[in-house]
> 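This is the structure I have questions about; it appears just below.
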Amino acid sequence: MAGQLLKETLLKIDHLRKAYGDTVVLKDISLTVHKGEVIVVIGPSGCGKSTLLRCINGLEPIQGGSITLQDKPIDGQSKDIAQIRQKLGMVFQNYELFPHKTVLQNIMLAPLKVQKRDKEEVRQMAEQWLERVGLLDKKDSYPRQLSGGQKQRVAIVRALCMEPEIMLFDEVTAALDPEMVREVLDVILALAKAGRTMVIVTHEMSFARAVADRVLFLDGGEIVEEALPEVFFDHPSTDRAKKFLSTFTYDAVRHHDVPQNY
C-alpha cells in the first residue's frame, strides 16, 4: 500500500456521523480514497453500508464530521452540491431506468440536460460504452425488453457517461438471478483493471476479494476492521469479522452412503 500514499487523494471522510433522530447509523467514520483505488465495504444488513454511500453522494445530510471530494465539501445543503454530485457516479440495485425511454435515451439524458454537452459527442461515448459491456445491439430497446443483468449494465454505462471521478456501487447484484450476477460483476472488474476509482458495497465475498484494494468491514455503524483483501479473508483480526465470514462457509452433511452408480 506504500505506493497508494503517493497517489492523489480524491475522497476524504473525517469523523463522519449520521443519525436519524436518536438512532445513530454511522459513528465516527474516517476514510481516505486515492485515485485508482477500489474500496469494498462489507458487513451485515443494517450496519450502515448503503447509508455511507448515500452520504458520500450528498443524498443524506450528516450530523457530524466532514466529507470532501478533491478538497470540496460534500454538503447536501450546498448550492454547489449538484455540480459536485456529477463527479460521483452512483449505481443502485434497482436500476432506476426510465421505462418510456430507450437504452440510448436513458444514457444520454443526464449528460445532455445536466452537463449541456454536445449531443453527438455523448452519443459516441454512450455507444462506445455499450459496446464494451456487450449491449450495443440493445441501444434502441426499452428497459422492459431487457433482463435484470442487462438493465444493471445500462445503469453502469449511464453513470460512466457522466465522466465521474468516483463510481459508487450499492449492492448492484442484490436483485439479480445468479446467472446475471457474473455479467454485471465482470463489468466492474474490468473497470477496476482500467484504474477506475470505486467504492463498492457488496455481499459477494469472492468478488470482493478479487476486486478490492482494501476491504472495510462495517458493523454497528463503525469500521470494525480494515485490511488488504487477502489479509481480511484469510486472517481476520477481530472476532466479529471471523463470525461474519463464517456465515459464508458450510460443513458438508451426509447421512448415508451415496450409491456407486449415482
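Reckoned from all heavy atoms, side chains included, excluding hydrogens, waters and symmetry mates.
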> Check step by step if side-chain hydrogen bond (donor to acceptor under 3.5 Å, both in side chains) holds for D14 and S30.
CA-CA 5 Å; D14 283 315; S30 293; 4.5 Å; no

> Might you point out which heavy atoms bring M205 and L245 nearest each other, and give the distance in Å?
SD-CD2, 4.4 Å

> Is the closest basic N to carboxylate O distance between D234 and R209 below 4.0 Å?
yes

> Just how far is it from atom CD of E222 to atom CD1 of I29, taken to the nearest 0.5 Å?
7.0 Å

> Would you verify whether the NZ or CZ of K18 falls within 45 degrees of the ring axis of Y20 while also being under 6.0 Å from that six-membered ring's centre?
yes

> Indicate, with yes or no, if I81 and L11 share a hydrophobic cluster defined by side-chain heavy-atom contacts under 4.5 Å among Ile, Leu, Val, Met, Phe, Trp and Tyr.
yes

> Kindly determine whether E171 and H203 satisfy side-chain hydrogen bond (donor to acceptor under 3.5 Å, both in side chains), including the steps that lead there.
CA-CA 7 Å; E171 294 286 11; H203 278 122; 2.8 Å; yes

> Quick check for you: to the nearest 0.5 Å, what is the distance between I13 atom CD1 and L31 atom CG?
4.5 Å

> How would you list, by chain and number, every residue that makes a ring pair (Phe, Tyr, Trp, His ring centres under 6.0 Å) with H100, sequence neighbours excluded?
F98

> List for me each residue that meets ring pair (Phe, Tyr, Trp, His ring centres under 6.0 Å) alongside F233, sequence neighbours excluded, and say none if there are none.
none

> Determine, using the 4.5 Å side-chain heavy-atom cutoff (strictly less than), whether L160 and M162 are members of one ILVMFWY cluster.
no

> With M198 as reference, evaluate V40, I188, V91, D213 under the side chain to side chain contact (heavy atoms under 4.5 Å, CB included) test and give the passing residue.
I188

> To the nearest 0.5 Å, tell me how far R158 CZ sits from I107 CD1.
8.5 Å

> Can you tell if the side chain of V122 reaches within under 4.5 Å of the side chain of M125, non-hydrogen atoms only?
no

> Which heavy-atom pair separates C55 from I74 by the least distance, and what is that distance?
O-CG2, 4.0 Å

> Can you name the nearest heavy-atom pair linking C161 to A126, along with the distance?
SG-CA, 3.7 Å

> Provide the closest heavy-atom pair for E204 versus T202 in the form atom of the first, atom of the second, distance.
N-OG1, 2.9 Å

> Should R182 and D186 count as an ion pair when the cut-off is N to O under 4.0 Å?
yes

> For the pair E165 and T197, evaluate side-chain hydrogen bond (donor to acceptor under 3.5 Å, both in side chains) and give the outcome as yes or no after the intermediate values.
CA-CA 7 Å; E165 294 288 342; T197 310; over 6 Å; no

> Quick one: pull up CG in L53 and CG in L88 and give me the separation to the nearest 0.5 Å.
10.0 Å

> Flag yes if V154 and L109 sit in one hydrophobic cluster, no otherwise; membership is Ile, Leu, Val, Met, Phe, Trp, Tyr, and two members link when side-chain heavy atoms are under 4.5 Å apart.
no

> Say you draw a straight line from CD of Q152 to CG of L146; how long is it, rounded to the nearest 0.5 Å?
11.5 Å

